[in-house]
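See structure below.
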Amino acid sequence: MKIFIAGATGRVGTLLTRDLLQDGHEIIAGARHPERVENNDRITPVKCDLHESVVEMTKAIKGADVIYFTAGSGAKDLLQVYAFGAVKLMQAATKAGIKRFVMLSALFSLGPTKWGTVKGLDGLTDYNIAKFFADNYLIHDTDLDYTILQPTVMTDKPGTGKITVDEGKFGYNPAEDVARTLADILKYKNTNRKIIKMREGDTPIDDALSLV
């Protein structure tokens, strides 16, 4: 398949690109600075600035079969990137006739009662608000075949290839495991229209996804 990644040069986007290439896919790498995209004959760099219009985003995603949202804001422009930018990308997907949309979100993005009570989330309220509106829009205001992955806090530890899903407990995830889980979502039709909470665990990623 040909896969568009928004935020392809970010931490998760870079790892996801590597994993999807290993799986035999072609990548349309969307980035604010496409010149930073890896030089590879199966990667097409395109300019993708989430401040741009739906029209411009629709041009950027042309030809893709699947869209991944892994973009980050660098702690700036939270609403412009995580909320409105994500919504515009969903609208572009609809205009382009691309049905499959995989969203990298955050644990408890849809559970605001947790934000002030779970350790580690109290300083991320604005981020979670942006994710809350984007995820709700994806679920309730589009007809896209979505998967929303909600990892806990990401670390730079080496991946283990093992996770826990759907327990909704606070924990940690190596970024490598988050990227591999995002890539493997495409292998399982049962992940369609699902919200998947994840943290580090003892279940191989493939086994965990096959049961969600």
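Of the possible donor and acceptor atoms, none in the side chain of Lys114 sits under 3.5 Å from a partner among the backbone N and O of Ser109. Checked by atom type and distance alone, the side chain of Arg42 pairs as donor or acceptor with a backbone atom of His25 at under 3.5 Å.
Atom CZ of Phe108 sits about 12.0 Å away from atom CH2 of Trp115, to the nearest 0.5 Å.
The side-chain tip of Lys88 points at the ring of Phe84 from less than 6.0 angstrom away and within 45° of straight on.
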Taking only distance into account, with no hydrogens and no angle test, what donor-acceptor pairs under 3.5 Å do side-chain atoms of residues 197-212 form with protein atoms, sequence neighbours excluded?
{"residue": "Arg199", "atom": "NH2", "partner": "Glu167", "partner atom": "OE1", "Å": "2.5"}
{"residue": "Asp206", "atom": "OD1", "partner": "Tyr188", "partner atom": "OH", "Å": "3.0"}
{"residue": "Ser210", "atom": "OG", "partner": "Asp207", "partner atom": "O", "Å": "2.8"}

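Remark: Asp49 pairs with His51 by the side chain to side chain donor-acceptor pair (under 3.5 Å) rule, at least two apart or across chains. Scored by the ring pair (Phe, Tyr, Trp, His ring centres under 6.0 Å) test, Phe133 finds no partners at all (sequence neighbours excluded). Taking the side chain to side chain donor-acceptor pair (under 3.5 Å) definition, one finds that Glu56 meets it with Lys59, sequence neighbours left out. Taking the salt bridge (Lys or Arg N to Asp or Glu O under 4.0 Å) definition, one finds that Asp143 meets it with Lys99, Arg193, sequence neighbours left out. Residues meeting the side chain to side chain donor-acceptor pair (under 3.5 Å) test with Tyr137, sequence neighbours left out: Gln91.
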- After noting the C-alpha distance and the side-chain angles of Tyr82 and Leu50, does the key distance pass the side-chain contact (heavy atoms from CB on, under 4.5 Å) rule? CA-CA 9 Å; Tyr82 295 119; Leu50 293 170; over 6 Å; no
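Exactly one of Asp145, Thr147, Asp65 qualifies for a side-chain hydrogen bond (donor to acceptor under 3.5 Å, both in side chains) with Arg100. That residue is Thr147.
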